[in-house]
Amino acid sequence: MYDKLWLIPLFPLIGSVINGLLGKKVIKSEKVIGAIGTLAVALSFVVSCKYFFQLLGDEVKVHENIIASWMSVGQFQVDWGFLLDPLSALMLMVVTGVGSLIHLYSIGYMHGEEGFYRYFCYLNLFVFSMLMLVLGGNALVMFIGWEGVGLCSYLLIGYYFEKKSAGDAAKKAFVVNRVGDFGFLLGLLTLFWTLGSKHGVWTINFVEIAEHGHLLGTGSVVVTVITLCFFVGATGKSAQIPLYTWLPDAMEGPTPVSALIHAATMVTAGVYMIGRMNGLFAMAPTTMMVIAIIGAATAIFAATIGFAQNDIKRVLAYSTVSQLGYMFLAMGVGAFTAGIFHLMTHAFFKACLFLGSGSVIHAMHHAYHHAHLHDDPQDMRNMGGLAKKMKVTYITFLVSTIAISGVPLFSGFFSKDEILWWAFGSTRGSWILWLVGAAAAGMTAFYMFRLVSMTFWGEQRTDARAKDHVHESPWVITLPLVVLGFLALVGGYVGIPHVLGNIFGHIPNYLEHFLEPVFGHAQETYHIAVKEHLAHSTSLEFLMMGISVLIAFAGIGVAIFMYIKRPELPGQFVAKFSKLHRWCFN
């Protein structure tokens with residue numbers, strides 16, 4: 001029934017091979033190269049949709065699909081196998097859906113670039129690697145995809161390899177990720193050896209690990225060491241303290257690459273891996289506490305850096321580091337569903353924000369080119385007033401900014417609020433984690449509306465010679481923005497929290513129900529839930545929700561006051577607190 005799963009990663013691989021081998025000398029046409037690349041991922045999306053909806057109606061929620069035997073040594077057997085369950089099905093939809101839109105956008109954005117065929121070859125290979133990571137039925141198949149996304153990030157971040165800064169950023173991403181990957185391998189080898197030598201279970205298959213993982217012993221030293229090693233791997237891929245430094249530099253690649261890395265693929269790999277091995281992590285309370293603390297610290301730390309940046313893509317890059325911190329905070333307090341929920345909503349609004357920033361850069365670059373100027377097209381200090389000139393880009397960007405700020409009824413509100421509630425009330429959470437998370441939410445609202453104010457509102461600060469040349473991007477760029485903007489608006493309604501669902505006529509939390517076969521067992525076995533006396537306190541949950549909404553509106557209000565009502569204030573503040581500003585900037 002699920003025997004054609006291999007088609008999902010196969011399409012992007014074929015697209016990559018065709019464009020890589022034939023693009024330069026045989027195909028040559030940008031339109032054909034772009035169509036092949038985009039169609040390859042779109043076909044994967046179609047197959048993913050088929051299996052996703054098939055799984056929805058199926059009573060059995062876990063399906064293993066063995067393609068071939070890979071290696072066999074004594075009792076140890078590794079297969080090329082894929083695993084489809086609610087978690088991998090949801091991730092497939094995000095990777096192929098958002099990935100297709102980014103490919104379509106790239107056709108317009110990369111028009112006229114010298115290595116057009118090379119770009120689409122790498123982009124398809126990137127999606128193929130991420131799909132292998134998501135579908136892998138055992139840890140070695142996942143590791144192939146894990147290494148693949150690392151390689152593709154190196155190739156794409158260093159796409160403009162003649163620029164020293166791009167080459168350096170690519171190397172940095174590659175080296176920092178090797179540190180994380182070493183942790184992943186150590187965890188995998190320790191897990192394999194301990195389960196095998198002590199308990200006779202020689203396996204790295206995810207279903208079998210979930211079945212026999214309890215043999216390691218809850219809270220034991222060995223399970224703590226294994227999960228900490230895996231978390232080091234997640235820290236590298238998902239840019240947490242201290243291995244976050246590569247991600248802001250990753251914006252040296254073309255803007256659609258930033259959207260793909262930051263939204264749909266590589267940085268979500270660490271969060272996904274913890275979700276996939278949730279049973280092991282649930283057994284290690286010490287590791288989960290470490291994950292929650294590092295996640296919360298990363299969320300607030302990256303937000304402070306976002307305050308001071310003037311490059312439109314750099315603000316979004318630090319925003320990604322901060323939002324990933326939120327996802328790890330969720331994983332650390334046992335809110336696995338909320339973490340994956342935020343991964344999904346973040347993919348929608350962050351992809352839209354990055355592609356929107358690309359649309360702005362595209363327009364600014366075009367204007368400067370016409371006026372024969374060499375100003376930086378990414379510096380927000382040269383923008384302002386673009387809302388009138390670029391209406392589609394502006395509206396979709398604003399919707400996504402409202403979503404990331406946690407304003408009610410937009411997608412980010414539902415997922416962020418769920419994380420904050422668990423951080424406060426979970427048996428593995430604490431009010432301190434909630435406080436840090438809530439502060440980071442207010443800071444996010446501030447720096448994101450600072451970005452909107454400097455880019456789209458107020459007076460246009462673009463050089464007079466270039467002003468009239470700024471105009472909206474072509475449809476191939478704006479269409480993906482409209483789709484992603486719509487998803488940023490409505491994407492949260494699949495996971496309406498129970499407290500709100502009960503008011504509106506008992507609307508269930510569809511996402512929680514869908515992911516229960518993956519996370520329910522670990523949460524039940526190790527008593528990870530919102531504390532009994534808090535779970536039934538509707539008034540307290542509403543109070544916490546109200547506080548987080550007020551914090552978001554406070555951040556938005558301060559940003560509008562400082563950058564629209566009193567635009568001279570930021571300059572005065574920087575002059576007065578120059579050391580603090582420099583500390584944040586660096």
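Given the structure is predicted, the values throughout are model-derived calculations rather than measurements. Side-chain atoms are counted along with the backbone in the values below, which use heavy atoms only and exclude waters and symmetry mates.
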Close aromatic pair by centroid cut-off 6.0 Å: [X] and [Y]:
{"X": "F184", "Y": "W146", "value": "yes"}
{"X": "F341", "Y": "F414", "value": "no"}
{"X": "Y154", "Y": "Y159", "value": "no"}
{"X": "Y493", "Y": "Y510", "value": "no"}

Atom pair [atom1] ([X]) and [atom2] ([Y]), whose distance is rounded to the nearest 0.5 Å:
{"X": "R276", "Y": "L83", "atom1": "CZ", "atom2": "CG", "answer": "4.5 Å"}
{"X": "M273", "Y": "N278", "atom1": "CE", "atom2": "CG", "answer": "12.5 Å"}
{"X": "N177", "Y": "T235", "atom1": "CG", "atom2": "OG1", "answer": "11.0 Å"}
{"X": "Y51", "Y": "L92", "atom1": "OH", "atom2": "CG", "answer": "11.0 Å"}
{"X": "F45", "Y": "F11", "atom1": "CZ", "atom2": "CZ", "answer": "14.0 Å"}
{"X": "L353", "Y": "I312", "atom1": "CG", "atom2": "CD1", "answer": "9.0 Å"}

request  = Give the intermediate values and the outcome of side chain to side chain contact (heavy atoms under 4.5 Å, CB included) for residues F230 and I274.
outcome  = CA-CA 8 Å; F230 277 125; I274 291 177; over 6 Å; no
request  = If the plane angle is over 60° it's perpendicular, under 30° parallel, otherwise tilted; pick one for F231 and F328.
outcome  = perpendicular
Validation row: [X], [Y] side chains within 4.5 angstrom (heavy atoms):
{"X": "K350", "Y": "F354", "answer": "yes"}
{"X": "D181", "Y": "K237", "answer": "yes"}
{"X": "L451", "Y": "L316", "answer": "yes"}

key: Smallest separation among heavy atoms of S322 and Y447, with atom names   = CB-OH, 4.0 Å
query = If every non-hydrogen atom of F174 is compared with every non-hydrogen atom of G150, which pair is closest and at what distance?
reply = CD1-O, 4.1 Å
request  = Answer yes or no for R118 and F120: cation-pi contact, defined as NZ/CZ to six-membered ring centre under 6.0 Å and angle to ring axis within 45°.
outcome  = no
request  = Answer yes or no for K416 and Y326: cation-pi contact, defined as NZ/CZ to six-membered ring centre under 6.0 Å and angle to ring axis within 45°.
outcome  = yes
ask   = Do N138 and E208 pass the side-chain hydrogen bond (donor to acceptor under 3.5 Å, both in side chains) test, and can you show the C-alpha distance, the side-chain angles, and the key distance before you say yes or no?
value = CA-CA 9 Å; N138 62 62; E208 288 170 7; over 6 Å; no
For the side chain of [X] and the backbone of [Y], is there at least one donor-acceptor N/O pair under 3.5 Å apart?
{"X": "Y105", "Y": "S359", "value": "yes"}
{"X": "D58", "Y": "K61", "value": "no"}
{"X": "T298", "Y": "G325", "value": "no"}
{"X": "S44", "Y": "I8", "value": "yes"}

inquiry  = For L87 and F519: C-alpha separation, side-chain torsions, deciding distance, then whether side chain to side chain contact (heavy atoms under 4.5 Å, CB included) applies.
reply    = CA-CA 9 Å; L87 178 60; F519 299 134; 4.1 Å; yes
query = Salt-bridged, D168 to K163, with N to O below 4.0 Å?
reply = no
ask   = Any ion pair linking D249 and K172 (charged N to carboxylate O, less than 4.0 Å)?
value = yes
message = Does T396 form a side chain to side chain contact (heavy atoms under 4.5 Å, CB included) with L484? I'd like the steps, not just the answer.
response = CA-CA 8 Å; T396 52; L484 288 165; over 6 Å; no
inquiry  = Y394 vs T455, test: side chain to side chain contact (heavy atoms under 4.5 Å, CB included). Steps then yes/no.
reply    = CA-CA 9 Å; Y394 164 62; T455 307; over 6 Å; no
side-chain hydrogen bond (donor to acceptor under 3.5 Å, both in side chains) between T38 and H103, worked out = CA-CA 5 Å; T38 308; H103 276 71; 6.0 Å; no
ask   = Of S88, S48, P12, which meets side-chain contact (heavy atoms from CB on, under 4.5 Å) against L131?
value = P12
